[in-house]
2 protein chains.
Amino acid sequence: MHKEHTLTKNQQIIFDLIDKSPEPMKAYSILFNVQKKGIKAPLQVYRALDKLVEIGKIHKIESRNAFIACHNSSCQVSKATAFSICEICEKITEISSASLSKYLANFKDKDGMKYSKYNLEFFGLCKKCR
Amino acid sequence: MHKEHTLTKNQQIIFDLIDKSPEPMKAYSILFNVQKKGIKAPLQVYRALDKLVEIGKIHKIESRNAFIACHNSSCQVSKATAFSICEICEKITEISSASLSKYLANFKDKDGMKYSKYNLEFFGLCKKCR
DNA sequence: TTTGAATTGTTATAATATAACACTATGTAA
DNA sequence: TTACATAGTGTTATATTATAACAATTCAAA
Ligand SMILES: [Zn+2]
Ligand SMILES: [Zn+2]
Ligand SMILES: [Zn+2]
Ligand SMILES: [Zn+2]
């Protein structure tokens, strides 16, 4: 059902880095880490990030200005995202809950407005930090 | 039940500006608008914004780096926020839905983690732009 | 093989946010 | 009242995040 996107060289380099990272990465940290691979300017990073977000390979954690690889197979585009964020250790996990996504996908506000996209960020303390 | 916070001079000036604004305001636009009142530096703005967010008088729209006054009486702190964002005209409204907030306040993830705070941003087209 | 869309490389700059430090107000308690 | 703590202020400098503009290149579809 989902279209395969062949990543370009820069996109692949940057995706691999984010995918390997145990935590979300920030743009300039990505830049620092890929300079040895020939990616030298912020724009090269941001352009790859934009594309990777667009095709759903990564998501942006808005409250942290950081990027995380998507490991949720039912999530091929960044249109319905939910994250769990520990406010102490900053551990961030993508939430994959059928009931949550169903509830939010069907949510209508008072005007009957229906939404094509949402992003939800939960904050609290993870197991380890509690 | 909720504690009244007496705003300081800078906090009041900045709150009044945001509260009067028909749309969310960005920090440097706020700065520009309050310079005639003697607030000259970004830090003065950010400090007031931090405090106003903390006490729930305003909220930050994370995906837009913008600030909006809270008009939701049941929302005295910024711990459970939901917004509707039109992707064309950028009209942004705070959503006040008892069922939504109840659902999210009780949401537990797979690990049984319960959250103390959340922020939800819905994207779509408003009435006018549809 | 042309042609158009996407991607790249590059320099410069814009926009958003915080560090550090000295000072001032304000409230609370001895 | 005096002392103390907490919060707020003013200021300069700097860090962090993100985009504008333009020329060159790649690559697949018509
Ligand atoms: Zn995902
Ligand atoms: Zn933690
Ligand atoms: Zn509110
Ligand atoms: Zn609209």
Side-chain angles (χ1 to χ4, degrees), chain A residues 3-18 21 23-68 77-78 87 90 92 119 121, chain B residues 3-18 21 23-68 77-78 87 90 92 119 121:
Chain A
K3 187 175 169 217
E4 284 298 340
H5 290 269
T6 311
L7 301 184
T8 65
K9 183 168 139 282
N10 288 0
Q11 289 161 11
Q12 188 71 57
I13 290 169
I14 287 171
F15 174 72
D16 287 344
L17 179 67
I18 297 171
S21 170
E23 66 250 353
M25 296 194 75
K26 311 197 116 200
Y28 277 73
S29 157
I30 292 167
L31 175 59
F32 177 81
N33 279 278
V34 296
Q35 276 175 333
K36 47 182 162 303
K37 307 227 174 188
I39 296 175
K40 288 174 193 154
L43 247 197
Q44 296 174 283
V45 173
Y46 280 104
R47 287 197 283 224
L49 290 173
D50 285 350
K51 189 67 186 183
L52 291 167
V53 167
E54 185 193 325
I55 64 181
K57 301 279 288 180
I58 65 173
H59 303 303
K60 182 174 186 182
I61 313 295
E62 292 288 355
S63 65
R64 299 298 188 263
N65 300 316
F67 300 85
I68 190 174
V77 280
S78 299
E87 291 190 288
E90 289 292 320
I92 300 184
N119 178 55
E121 299 181 5
Chain B
K3 188 176 168 218
E4 284 299 338
H5 288 269
T6 310
L7 301 184
T8 64
K9 185 168 137 281
N10 287 0
Q11 289 163 11
Q12 189 70 58
I13 290 169
I14 287 171
F15 175 72
D16 287 344
L17 179 67
I18 297 171
S21 170
E23 67 250 355
M25 294 195 76
K26 311 197 117 201
Y28 277 73
S29 156
I30 292 166
L31 174 59
F32 178 81
N33 278 277
V34 296
Q35 276 176 331
K36 48 181 160 306
K37 305 226 175 189
I39 296 176
K40 288 175 193 153
L43 247 198
Q44 296 174 284
V45 172
Y46 280 104
R47 286 197 283 223
L49 289 173
D50 284 350
K51 190 66 187 183
L52 291 167
V53 166
E54 185 193 326
I55 65 181
K57 301 278 289 179
I58 65 173
H59 303 304
K60 181 174 186 181
I61 314 295
E62 292 288 355
S63 66
R64 299 298 188 262
N65 299 315
F67 299 85
I68 191 174
V77 280
S78 300
E87 290 190 288
E90 288 291 320
I92 300 184
N119 178 56
E121 299 182 4

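Here is the naming used below: chain letters follow the sequence lines, and residue numbers restart at 1 for every chain.
- One atom, CZ of A:R47, and another, P of C:dT11, lie 13 Å apart when rounded to the nearest Å.
- Rounded to whole Å, atom C1' of C:dA17 lies 15 Å from atom CZ of A:R64.
- For B:Y46 and C:dA17, the shortest distance from a side-chain N or O to OP1 or OP2 is below 4.0 Å.
- The shortest distance between side-chain heavy atoms of B:L49 and B:I18 falls below 4.5 Å.
- Residue A:T8 places none of its side-chain N or O atoms closer than 4.0 Å to OP1 or OP2 of C:dA6.
- Note: CG (B:D50) to C1' (C:dA19) measures 14 Å, nearest angstrom.
- The interatomic distance linking B:K37 (NZ) with D:dT9 (P) rounds to 15 Å, in whole Å.
- Separation of atoms CG (B:L31) and CD (B:Q44) is listed at 8.5 Å; rounding is to 0.5 Å.
- Within the 4.5 Å cutoff, side-chain heavy atoms of B:N33 are placed close to those of B:M25.
- If you measure from atom CG of B:L49 to atom P of C:dA17, you get 9 Å, rounded to the nearest angstrom.
- Side-chain atoms of B:K51 lie closest to D:dG8 of the nucleotides C:dA20, D:dA21, D:dG8.
- The separation between B:L52 atom CG and D:dG8 atom P is 10 Å, rounded to whole Å.
- At least one side-chain nitrogen or oxygen of A:K26 sits closer than 4.0 Å to the OP1 or OP2 atom of D:dT17.
- Per the geometry, CD1 belonging to A:I61 stands 20 Å off P belonging to D:dT16, to the nearest Å.
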From CA spacing to verdict: salt bridge (charged side-chain N to carboxylate O under 4.0 Å, His left out), B:E121, B:R64: CA-CA 10 Å; B:E121 299 182 4; B:R64 299 298 188 262; 5.7 Å; no
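- Rounded to whole Å, atom C1' of D:dT16 lies 11 Å from atom OH of B:Y28.
- Listed nucleotides C:dT18, C:dA17, D:dA18 differ in distance to B:L43; the shortest reach to its side chain belongs to C:dT18.
- Along DNA chain D, the nucleotide nearest to B:P42 and the one nearest to A:F67 differ in position, and the one closer to the 5' end is contacted by B:P42.
- The side chain of B:Q44 contributes no N or O atom lying less than 4.0 Å from OP1 or OP2 of D:dT9.
- Here C:dT8 is the nucleotide among D:dG8, C:dT8, D:dA18 with the atom lying nearest to any side-chain atom of A:N10.
- Under 4.0 angstrom from either OP1 or OP2 of C:dA17 there lies at least one side-chain N or O belonging to B:N65.
- With contacts defined as side-chain heavy-atom distances shorter than 4.5 Å, the pair A:L7/A:K57 qualifies.
- For B:Q11, the listed nucleotide lying nearest its side chain is D:dG8; candidates were D:dC22, D:dT11, D:dG8.
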